[in-house]
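Data block below; observations after.
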Amino acid sequence: MSSVEKLTILIFGTVFLLMNCSQNKVPTKPFGVLEDGREINLYTISNSRGMTAEVINFGARIVSLKVADRQGNFEDVVLGFDNLAAYEKDNSYQGAIVGRYGNRIGGAKFTLEGKTYQLDINDGANCLHGGKEGFDKKVWKCRQISPNVLKLSYVSPDGEGGFPGRVKVTVTYTITEDNELKIEYRGVTDKTTVLNPTSHCYFNLTGSPENDILDHELMIDADYFTPVDGGLIPTGEIRSVVDTPLDFLKPKKIGQHIDISNEQISFGSGYDHNWMLNGQPGQLRLSASLYDSQSGRMMEVLTDQAGLQFYSGNFLDGSMTGKHSIRYKHRTALCLEAQSFPDSPNKTNFPSVVLKPGEEYKQTTVYRFSIK
Ligand code: BGC
């Protein structure tokens, strides 16, 4: 190849790269500075129909999700805060990716390949959502792939929170043209470990967290749930939902049975349980739907996970002030967290969450929005 040809290729290559980069350039702006001086950015992803998510690389948190109502008004359907300091202090996991282990591990301990691991204790005697400083409090690397795709990654050192293995996780957020927020997780480890991340968005489909979510109609495609004890640790039993307030097989208002006299409801102070989803784990399937008749917004949850934690915002008590100075009162939002079952590392009859070197953890969960 002559030097003129080489130069021509170089020039064309550079122009192509620059064009590509400028096409992929998506709004990124500073969100704040952590107490230790690290800078955090806000990234925006959207589709051509106007559905938009804002994400920060602190905890890979979704800080806003704007979705149209029946009249075509775009409103934010997730709770959160206006500033980074509030996210840094937050212990409600607003919009975060939680991990390494979504939900509770009883006694903050488990045994794997003959070795017992002591985890952080941060919820009674238990370990909740990865411990004292889980994925929700970490600074993630963030790469904007295109105007609607964001890829975040975090490397959790061996022993973090008490968990074995150096674990590398990536989370890809996509806003699809079908008005879906798609979340894809990947994870690898260098030692046998357990991994069970989830997304912890607090949804309120009315678009205003001044309203409670008791009139939202929820369907969960699950014939069984995993009852808990007073510390919200599954007992190991897998119980039918039939004739219990946890039957959401047909859409039902969340408020309908939330305050009835029932041991499981009183342990959760409302709903705070894991449903064993129907269908085949590993296959993406429609597992839940949530509808707000006031705004017409419908959200469907598709996941390949074995379980879904439905938490009805029972611990929101008005003491936390969120976006636009709104106080987050009792049950003004709910979480639908796709994951494997809580406390699986201590329950041999629950699906395995063990991840070995050479294997890859994979999860896809989709929150799909429409109008009805
Ligand atoms: C748990 C709740 C907990 C909430 C916030 C949910 O995933 O199920 O028990 O209070 O997260 O930490």
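Residue numbers start at 1 and run along the sequence shown. For ligands, and for the atoms within them, numbers begin at 1 and follow the listed sequence.
Residue contacts with ligand 1: S92 is placed with no nitrogen or oxygen under 3.5 Å of a nitrogen or oxygen of the ligand (distance criterion only). Among the atoms of Q309, some N or O lies under 3.5 angstrom from an N or O of ligand 1. Some N or O of H200 is nearer than 3.5 Å to an N or O of ligand 1, by distance alone.
For L128, the closest heavy-atom approach to ligand 1 falls below 4.0 Å. The closest approach between a heavy atom of Y202 and any atom of ligand 1 is below 4.0 Å.
Here the NZ-CD distance, from K89 to E35, works out to 8.5 Å after rounding to the nearest 0.5 Å. Taking CD1 of I326 as the start and CD of E210 as the end, the distance is 4.0 Å to the nearest 0.5 Å. Taken from CG in D247 to CE in M219, the straight-line distance is 12.0 Å, to the nearest 0.5 Å.
Geometrically, K372 engages Y291 in a cation-pi contact, judged by NZ or CZ lying under 6.0 Å from the ring centre and within 45° of the ring axis. For K252 and F248, the positive end sits near the middle of the six-membered ring, less than 6.0 Å away and at most 45° from its axis.
Shortest contact from atom 3 (C) of ligand 1 to any protein heavy atom: R104 NH2, 4.0 Å. The nearest protein atom to atom 7 (O) of ligand 1, hydrogens excluded, is given as E337 OE1, 2.8 Å; this is a heavy-atom distance. In terms of protein heavy-atom proximity, atom 1 (C) of ligand 1 is closest to D272 OD1, 3.5 Å. Residue, atom and distance of the protein heavy atom nearest to atom 10 (O) of ligand 1 are F315 CD1, 3.0 Å.
Legend: residues meeting side-chain hydrogen bond (donor to acceptor under 3.5 Å, both in side chains) with S312, ordered by chain and number and at least two apart, are N314.
Of all atoms in ligand 1, numbered sequentially from 1 with element shown, those under 4.0 Å from a heavy atom of N103 are 1 (C), 7 (O), 8 (O).
Side-chain N or O atoms of R104 include none that pairs as donor or acceptor with a backbone N or O of D343 at under 3.5 Å.
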